[in-house]
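Okay, structure first, notes after.
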Amino acid sequence: MSYKDLEDKITQDKIAIRYNVVAEGAAMKAEDYPEVKEILPTEEPFRKIALEILYEDKINALKDVKKSLEEGYSPIELINNALMKGIDAVSTLYTKGVYFLPDLMLAGDAMMESVKECEKVLGRKSDTKGTVVCFVAEGDPHDIGKNLILMFLRAGGFEAIDLGRDVAAQRVVEAVKEYDPLFMTGTALMTTTMTAFPKVVEALKEAGLEVPAIGCGGGAVRKDYVETMDMTVYGVEAYHTPKLADAILTDNKNWEDLRKEYSDIVGEFVSEYAS
Amino acid sequence: MNYKENLKNALTGQTVERKPFVSVTQLGTIDAMNHYGLKWPDAHKDANQMATLASSLYELAGLECARLPFCLTVEAEALGCDVNLGSNERVPEVEISPFEYADDIEATDDFTKRGRIPVVLEAIDILKEKYEELPIIVGITGPFTLTGHLLGIENLVRYMKTDIEEVEIAVENCVDVSMDYIEEIQNHGADVICVNEPTASPELIAPDDFKSLIKPNLEDLADYIEVLKVLHICGSTQPIIKDMATCGFDGISVEEAVDIPQAQKEIIEDNCVILGNISTSKTLLSGNSDEVKGDVKKAIDDGIDILAPSCGIAPNTPLDNIKAAISERNEYFNL
């Protein structure tokens, strides 16, 4: 279609609406939210790096992490006191509805790259609390949710095994045998693919395997559906994952406990779990 | 009963004796495919099979529309993406896109003759021939969702913060592409066009970005569509309900995460009705018929204007649950 043809077909009477500028309140800086202030370190260079994560600035975060490493700061300290604090602040703002998915992804990029820089100096992967296996349901190619989970798990100090997307139940069984994970996550965007979860549970049972819990979540997935299966818990937000894993690790919680105590475990009001 | 008239009246805000029960989203189910001896991916590629499956829930359960196609990959494929058409168990998905930059996105002159666009158009013809009073609803991919298919969804989400201009150009180019397709769909006589824009959900994109970037493009698109038009966005769309309702569509389709009374209050001044929001996962797929009925009754009591599944119907959804949903509507209106 040529522009001339197009022009004739589009009426112009909505232009006025389109360019109306909606008045917005004075912007508040991300670092000034009280919840964020509580999280952010006060000491330099940690504060500066944490702020760079908060402001999704990968280039400067990397630069300052490298500089601090050269100056002799411990990579572990940089990970725990700067990078993790930064990403904690990001998830706090996400919970508040100030930040959105693009912010999570970009801040996540900045954090993950910086962690890699620290691990280079460390000469190994940083110590982890335990292993979590993450997969996307069979038939589902949407893996943004799973990638966020990986990021939050790694930020939370867990070894997160990425099985990728469109993962067959049998592959999940093999991974459980191989890694003996303390927790597992399965994500699906669509109603058409979340039906893969019961198959995973069945396959695990058939193989005589058990995991403390499988966190199922994603776009179309609902709590009621997840709770028709054994071994599962409905995961509401990606950043809840390390908290659930912590509860399994330190308090020996299983899937039934996680369902009952979800809000307490993730430390916030979760409407899906409000009775 | 003239379902076409009834749907038109409901979509244009007139009082109707019975609220229509349609699906503006994917409706192919395994039960229906088994009944007709159809299967995916064939029904994605063959116009006769597509037409039969599109009207299957009307024939077997009394759903008041035919709805096609059963995926959101038709446009991407016609633009040159590799699409995996899947199987009975998996819906088609874009696998590889030839596009790297927004500027590359352009429809060739023969765009509407490529991929499965001719199949969709022929299926409309078949349905048109067969049914006089049954509305034919055609789903198209929204420009922002199409951009996600073409540039990669993760790239797109990052671009929203790092290179908004790239996104603007891409989405505008996708609007141009859609217009060619819309023109053909209208020429073939579809009654309703549903623009599916799942990627614009607040779960992916900030509501402010929806308003500033996606809404103007949806306005252009709505303005261009001459037949009845519906906008479907998945997820918790409460924060963008007002913006959805003022894009220029006759109706907006929402899912169960949206509080209907609250949404109706917000858009009371707008010429826009609400479709939805019978849960496709909680009740239609995994509930029993009583739970389905409860869902339908609640939706009507909440003030939904047109009953519809909240999202694409899961292929494993039992036919009996769809029957139960429609029979509850019938009982409610003493039919």
Side-chain angles (χ1 to χ4, degrees), chain A residues 1 3 5-6 9-15 17-22 24 56 58 97-109 137-145 147 165-166 188-196 198-199 218-229 271-272, chain B residues 26 84 86-87 89-91 93-95 107 109 153-154 156-162 176 179-180 183 198 201-209 211-212 215-216 219-220 222-224 234-235 239 246 248 255-256 279-287 291 309-317:
Chain A
M1 189 190 303
Y3 179 68
D5 296 338
L6 186 68
K9 282 176 181 154
I10 295 180
T11 56
Q12 300 288 315
D13 52 14
K14 294 215 172 92
I15 299 282
I17 302 173
R18 186 186 312 170
Y19 293 110
N20 263 359
V21 177
V22 178
E24 283 172 16
E56 306 156 37
K58 181 166 86 180
V98 178
Y99 271 13
F100 288 87
L101 181 67
D103 306 287
L104 286 189
M105 287 174 66
L106 290 165
D109 290 348
E138 183 166 19
D140 204 320
H142 303 95
D143 59 358
I144 289 185
N147 293 343
R165 51 196 189 184
D166 185 8
L189 179 70
M190 305 179 292
T191 18
T192 49
T193 52
M194 66 180 192
T195 43
K199 290 179 195 160
V221 184
R222 297 283 171 270
K223 180 167 171 271
D224 300 60
Y225 180 72
V226 173
E227 296 192 348
T228 58
M229 296 164 254
S271 62
E272 285 84 347
Chain B
Q26 184 313 105
N84 178 348
S87 63
E89 300 260 312
R90 37 193 305 172
V91 292
E93 288 296 338
V94 174
E95 292 210 316
D109 289 340
I153 177 90
E154 288 210 19
L156 176 61
V157 172
R158 287 189 173 93
Y159 279 152
M160 291 301 292
K161 298 277 295 191
T162 60
D176 290 347
M179 284 177 175
D180 288 355
E183 194 167 329
S201 166
E203 278 160 32
L204 290 168
I205 299 300
D208 282 350
D209 290 336
K211 190 198 279 281
S212 62
K215 191 181 177 191
E219 285 170 358
D220 285 349
D223 210 5
Y224 188 77
C234 310
T246 46
E255 69 170 57
E256 66 267 27
S279 172
T280 44
S281 61
K282 196 169 156 185
T283 52
L284 283 176
L285 173 66
S286 36
E291 287 164 330
S310 61
C311 196
I313 297 180
N316 291 311
T317 300

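Throughout, a chain's letter reflects where its sequence line sits, starting with A, and its residues are numbered from 1. Heavy-atom basis, side chains included; hydrogens, waters and symmetry copies ignored.
- Per-residue counts of heavy-atom pairs under 4.5 Å with chain A were compared for N316(B), L204(B), T280(B); the largest is that of L204(B).
- Residues I144(A) and M105(A) form a side-chain contact, since some pair of their non-hydrogen atoms from C-beta on lies under 4.5 Å apart.
- Residue D140(A): no heavy atom, backbone or side chain, is found under 4.5 Å from chain B.
- Looking only at heavy-atom pairs under 4.5 Å with chain B, the residue among D143(A), D109(A), L104(A) that has the most is D109(A).
- In this structure, L106(A) and R158(B) have side chains that are in contact, with non-hydrogen atoms separated by less than 4.5 Å.
- When the side-chain contact (heavy atoms from CB on, under 4.5 Å) test is applied to A206(B), the partners found at least two apart in sequence or on another chain are F100(A), D209(B).
- The contact between E154(B) and chain A is made by backbone and side chain atoms together, counting heavy-atom distances below 4.5 Å.
- A salt bridge between E256(B) and K282(B) is absent, with no side-chain N of the basic residue lying under 4.0 Å from a carboxylate O of the acidic one.
- Heavy-atom distances place no part of E95(B) under 4.5 Å from chain A, backbone and side chain included.
- Between R222(A) and E255(B) there is a salt bridge, since at least one side-chain N of the basic residue sits less than 4.0 Å from a carboxylate O of the acidic one.
- When heavy atoms are compared at a cutoff of 4.5 Å, T193(A) does not approach chain B at all.
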May I have the step-by-step check of side chain to side chain contact (heavy atoms under 4.5 Å, CB included) for L101(A) and M160(B), ending in yes or no?
CA-CA 10 Å; L101(A) 181 67; M160(B) 291 301 292; over 6 Å; no
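- Using a 4.5 Å cut-off between heavy atoms, P198(B) does not touch chain A at all.
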